[in-house]
Amino acid sequence: RKEVEQDPGPFNVPEGATVAFNCTYSNSASQSFFWYRQDCRKEPKLLMSVYSSGNEDGRFTAQLNRASQYISLLIRDSKLSDSATYLCVVTVDSSYKLIFGSGTRLLVRP
Amino acid sequence: DTGVSQDPRHKITKRGQNVTFRCDPISEHNRLYWYRQTLGQGPEFLTYFQNEAQLEKSRLLSDRFSAERPKGSFSTLEIQRTEQGDSAMYLCASTRQGTTYEQYFGPGTRLTVT
């Protein structure tokens, strides 16, 4: 079983739609949680950190449920520029090495 | 440009050859990570350095792989006797211990082994 599991998608949505991604992680000792965004053939970039209390950054909202070991990302009012792969990421120890899911691909159509 | 840089950006080599990649982290970052990404997968951790010390190596890092960070600045990743299965994107990331631990990634080196 992979440490971080995500639905690969693709999610194909129209502009303006709301879309939600979930991921689950297997290690209950996971410490930090993130969503990264990766454009085609580019490096991953941090989208947002995820906290137990939930956090919002503009159109993006992230939630963490430690009891169920899942992380979610909600994107409201989707833009064409949101088309990318969204990677769910955790850390498990003081190395802070990132453990990535396989990513969920989002396609926003006009 | 003060971001993470990697060189070369692309490398095509024949099976059995040795290759070496370089990563220059952001200057004040003391932690440097190497990851490998294959098509359709997320990056996988290979190894990391704190200053010049290599503190952890993944089981993915076979004995054909070696990484160094001799002066705690740039790092090199060498693959000896390359195999077709080594074809991947090799990503380097850096961060500063004691901060938010956000890792900044370089553009990667895409390796193709023919």
Side-chain angles (χ1 to χ4, degrees), chain A residues 1-11 21-27 30-51 55 57 60 62 71 73 84-107, chain B residues 1 3-6 9-10 21 23-26 29-51 53-61 67 88-112:
Chain A
R1 183 187 171 190
K2 285 194 165 186
E3 286 196 71
V4 180
E5 302 228 35
Q6 296 182 250
D7 180 345
F11 285 64
F21 307 139
N22 291 326
C23 93
T24 58
Y25 59 94
S26 60
N27 189 337
S30 296
Q31 299 174 344
S32 304
F33 308 88
F34 309 94
W35 283 100
Y36 273 71
R37 171 193 168 128
Q38 187 171 30
D39 293 301
C40 188
R41 302 181 78 84
K42 299 281 192 178
E43 72 273 21
K45 292 186 178 176
L46 179 65
L47 179 66
M48 57 198 305
S49 301
V50 189
Y51 306 112
N55 49 304
D57 183 2
F60 298 84
I71 306 158
L73 177 67
T85 296
Y86 291 84
L87 296 159
C88 180
V89 185
V90 307
T91 67
V92 298
D93 57 32
S94 60
S95 74
Y96 284 88
K97 62 180 180 284
L98 302 179
I99 301 172
F100 288 82
S102 297
T104 298
R105 192 167 169 219
L106 172 65
L107 301 172
Chain B
D1 186 350
V4 179
S5 62
Q6 292 187 244
R9 296 289 304 277
H10 303 275
F21 310 142
C23 171
D24 286 88
I26 294 171
H29 285 184
N30 61 342
R31 284 197 175 186
L32 185 150
Y33 300 78
W34 285 98
Y35 297 87
R36 180 172 69 187
Q37 186 174 25
T38 54
L39 197 63
Q41 300 297 316
E44 295 174 295
F45 168 77
L46 293 178
T47 188
Y48 92 99
F49 293 84
Q50 182 164 301
N51 301 311
Q54 188 174 19
L55 296 187
E56 186 174 343
K57 293 193 292 185
S58 162
R59 287 170 292 177
L60 292 175
L61 217 64
M89 174 76 87
Y90 290 84
L91 292 159
C92 174
S94 70
T95 190
R96 189 170 68 183
Q97 184 188 11
T99 63
T100 61
Y101 287 100
E102 177 179 350
Q103 292 189 22
Y104 295 83
F105 282 82
T109 295
R110 185 170 296 279
L111 173 67
T112 302

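So that the names make sense, note that chain A is the first sequence line, chain B the second, and so on, each numbered from 1.
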- [ ] Anything in residues 43-51 of chain B with a heavy-atom distance to chain A below 4.5 Å? Please list those residues in order.
- [x] Pro43(B), Phe45(B), Tyr48(B)

Task: Contact class of Thr104(A) relative to chain B, heavy atoms under 4.5 angstrom - done: neither

Task: Least distance between heavy atoms, Leu91(B) atom then Glu43(A) atom - done: CD2-CB, 4.1 Å

Open item on the list: To check you understand the geometry: which heavy-atom pair defines the closest contact between Ser30(A) and Val90(A), and what is its length?
Closed with: OG-CG2, 3.9 Å

TODO: Drop me the distance from Glu3(A)'s CD to Ile99(A)'s CD1, to the nearest 0.5 angstrom.
DONE: 4.0 Å

Open item on the list: Under a 4.5 Å cutoff for heavy-atom pairs, which residue among Met89(B), Gln103(B), Gln37(B), Gln41(B) has the most contacts with chain A?
Closed with: Gln103(B)

Task: Structural part of Leu55(B) lying under 4.5 Å from a heavy atom of chain A - done: neither

Task: Contact check, side chains of Tyr35(B) and Leu98(A), non-hydrogen atoms, under 4.5 Å - done: yes

- [ ] State, yes or no, whether a side-chain contact exists between Leu47(A) and Tyr86(A) at a heavy-atom distance under 4.5 Å.
- [x] yes

Open item on the list: Can you tell me how the ring of Phe105(B) sits relative to the ring of Tyr36(A), calling it parallel under 30°, perpendicular over 60° and tilted otherwise?
Closed with: perpendicular

Task: Interchain contact, Lys42(A) with chain B, by part (heavy-atom threshold 4.5 Å) - done: neither

- [ ] Could you tell me the separation between the CZ atom of Arg96(B) and the CZ atom of Arg31(B), rounded to the nearest 0.5 Å?
- [x] 13.0 Å

Open item on the list: Nearest 0.5 Å, please: how far is CG in Leu60(B) from CH2 in Trp34(B)?
Closed with: 15.0 Å

- [ ] Can you tell which part of Arg41(A) gets under 4.5 Å to a heavy atom of chain B, answering side chain, backbone, both or neither?
- [x] both

- [ ] Have a look at Phe21(A) and tell me which of Ile71(A), Leu106(A), Asp7(A) forms a side-chain contact (heavy atoms from CB on, under 4.5 Å) with it.
- [x] Leu106(A)

Task: Part of Gln38(A) lying under 4.5 Å from any heavy atom of chain B - done: side chain

Open item on the list: Heavy-atom cut-off 4.5 Å, strictly under: side chain, backbone, both or neither for Glu56(B) against chain A?
Closed with: side chain

